[in-house]
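Below you'll find the structure, written out as structure tokens, and then a few comments.
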Amino acid sequence: MWIEMIPGLLERELVVLLRVAWIGGILPLLIASIPSSRVLPVHRAMLGFCGRGKTADPSSLSLTVPQKFFAHFYVLAVVWTSLLILTTWSYADEMPALVSGSFYSDGTGGSTIGSRSNSIQEPYSNSMDYSYVVFRSMFLLLLMEVQALRRLYESVHVFRYNNSARMHIFAYFTGLFFYTAGPLSLCCKPAPQLFSFAANQAAKFLDEGKNQLRSREFGLWDYLHLLPELGWIQWIGAAIFFWGSFHQWRCHAILGKLRQEKEHTDNYAIPYGDWFDMVSSPHYLAEIVIYVGILVASGGTDLTVWLLFVFVLANLSFAAAETHRWYRRKFDDYPRNRYAIIPYVY
């Protein structure tokens, strides 16, 4: 009996760990954003840690790395999210109920998902609910993968970081943490079962060899035909996600074009166009919209995903406020009708 409880215990431990980590990142940002002289030391510390590029603290250059290291975040995100997607997909392949919808009574008033998944211990009383959780997690991970792939492409082909552009080593490690914990937060419910499944498959491969493993044939149509089964809330979330992604791509293209122009290689200029006409950091605003989409697609019932979103909101709002102040100090002709990040609000 206690063995069957292990996945549930691991799930709770993982969820608690992720939530504590997100709260630990959110609180300093919220405190530093309070407009009070009492928290000025916290504000300065967070600015030193989180500053990058034009908002970096010149006094901490010895603890910085090139800003082009941003590409490392997206390489990590692509590899890690891809592994989670492949593991989730393989795990789902052991669950015929997810693919065929063939639930049947087990004679005890519940439902089961077939003999192929008897080895999978599930902490859910209803296998249909659990199958939906797994498939929804895979859907959220696919959205994250799209985001990571686009950002990786932009880091390599769109942005031209100044040679002097730096970011604090703390911000660098924070980025690595985010793109490790972020995808994991999107599948934290089935994650213990996913890891157990992957470990069992690896052990089986080492003990018996690849010829003894069951041959997998991933029928893409088997999964594509399930897309209409997603709730309307998932499709609304996906629409918001791609709306934000489109505008972030346009804003990044505007910034990248400014940097490609010879006269702007080592100097900054005022960007115009798209959401830049409303706010100073529209690429941050678009990122918030992207994670609003992910939050909506998750159903909005998981506190871990909410904390992930609040961290994104707090982090980018803090960075946008500093960027807005920098622009106003740097350019006398900076448009006064622009807000920092939220149009007509902030």
Next on the checklist: Evaluate Y339 against V345 for side chain to side chain contact (heavy atoms under 4.5 Å, CB included), listing each step before the verdict.
Outcome noted: CA-CA 7 Å; Y339 289 78; V345 177; 5.8 Å; no
Can you find a pair of side-chain heavy atoms, one from [X] and one from [Y], that are under 4.5 Å apart?
{"X": "F331", "Y": "W326", "result": "yes"}
{"X": "I290", "Y": "W243", "result": "no"}
{"X": "L140", "Y": "C187", "result": "no"}
{"X": "L285", "Y": "P343", "result": "yes"}
{"X": "L308", "Y": "L186", "result": "yes"}
{"X": "R338", "Y": "I270", "result": "yes"}
{"X": "Y327", "Y": "E322", "result": "no"}
{"X": "F73", "Y": "F178", "result": "no"}

Which pairs, with at least one residue in [range] and sequence neighbours excluded, count as a salt bridge (charged side-chain N to carboxylate O under 4.0 Å, His left out)?
{"range": "residues 291-320", "result": "R19-D302"}
{"range": "residues 280-294", "result": "R151-E287"}
{"range": "residues 69-87", "result": "none"}
{"range": "residues 131-150", "result": "R150-E154"}

Checklist entry - Under 6.0 Å between the ring centres of Y74 and Y179? => result yes
Minimum heavy-atom separation for [X] to [Y], with atom names?
{"X": "A269", "Y": "L258", "result": "O-CD1, 4.1 Å"}
{"X": "F318", "Y": "L47", "result": "CZ-N, 3.9 Å"}
{"X": "I288", "Y": "S317", "result": "CD1-OG, 4.5 Å"}
{"X": "F139", "Y": "Q234", "result": "CE2-O, 3.9 Å"}
{"X": "V78", "Y": "L149", "result": "CG2-CD2, 3.7 Å"}

Has [X] got a side-chain atom pairing as donor or acceptor with [Y]'s backbone, closer than 3.5 angstrom?
{"X": "Q67", "Y": "M167", "value": "no"}
{"X": "S137", "Y": "V133", "value": "yes"}
{"X": "Q248", "Y": "A286", "value": "no"}

Next on the checklist: For a side chain to side chain contact (heavy atoms under 4.5 Å, CB included) check, start with the C-alpha distance between K68 and R166, then their side-chain angles and the critical distance, and finish with the verdict.
Outcome noted: CA-CA 8 Å; K68 62 184 179 181; R166 312 285 295 183; over 6 Å; no
Please enumerate all residues that pass side-chain contact (heavy atoms from CB on, under 4.5 Å) together with [X], with sequence neighbours excluded.
{"X": "I240", "value": "I236, V289, V292, V296"}
{"X": "F173", "value": "I169, L176"}
{"X": "L295", "value": "S298, V305, W306, F309"}
{"X": "V20", "value": "V16"}

Checklist entry - Going through the checks in order, is the side chain to side chain contact (heavy atoms under 4.5 Å, CB included) test met by F311 and T174? => result CA-CA 11 Å; F311 176 82; T174 299; 4.1 Å; yes
Checklist outcome for this item: When rounded to the nearest 0.5 Å, the distance separating CG of L76 from CG of L152 is 11.0 Å
Item to check | Test salt bridge (charged side-chain N to carboxylate O under 4.0 Å, His left out) applied to R328 - qualifying residues, sequence neighbours left out | outcome: none
Per-pair distances, 0.1 Å, donor-acceptor, side chain in residues 271-280, under 3.5 Å, sequence neighbours excluded:
from	atom 1	to	atom 2	distance (Å)
D274	OD1	H247	ND1	3.2
D274	OD1	R250	NE	3.4
D274	OD1	R250	NH1	3.3
D274	OD2	H247	ND1	3.1
D277	OD1	G273	N	3.2
S280	OG	H324	ND1	2.6
S280	OG	Y334	OH	2.5

Side-chain donor-acceptor distances from residues 21-37 under 3.5 Å, at least two apart:
from	atom 1	to	atom 2	distance (Å)
W22	NE1	S185	OG	3.0
S33	OG	L29	O	2.8
S36	OG	R38	N	3.3

Next on the checklist: Before you tell me yes or no, could you show the steps for L84 and F195 under side chain to side chain contact (heavy atoms under 4.5 Å, CB included), namely the whole-Å CA-CA distance, both residues' side-chain angles and the distance that decides it to 0.1 Å?
Outcome noted: CA-CA 9 Å; L84 289 174; F195 295 152; 4.2 Å; yes
Checklist entry - Can you name the ring-ring contact (aromatic ring centres under 6.0 Å, His included) partners of Y284, sequence neighbours left out? => result none
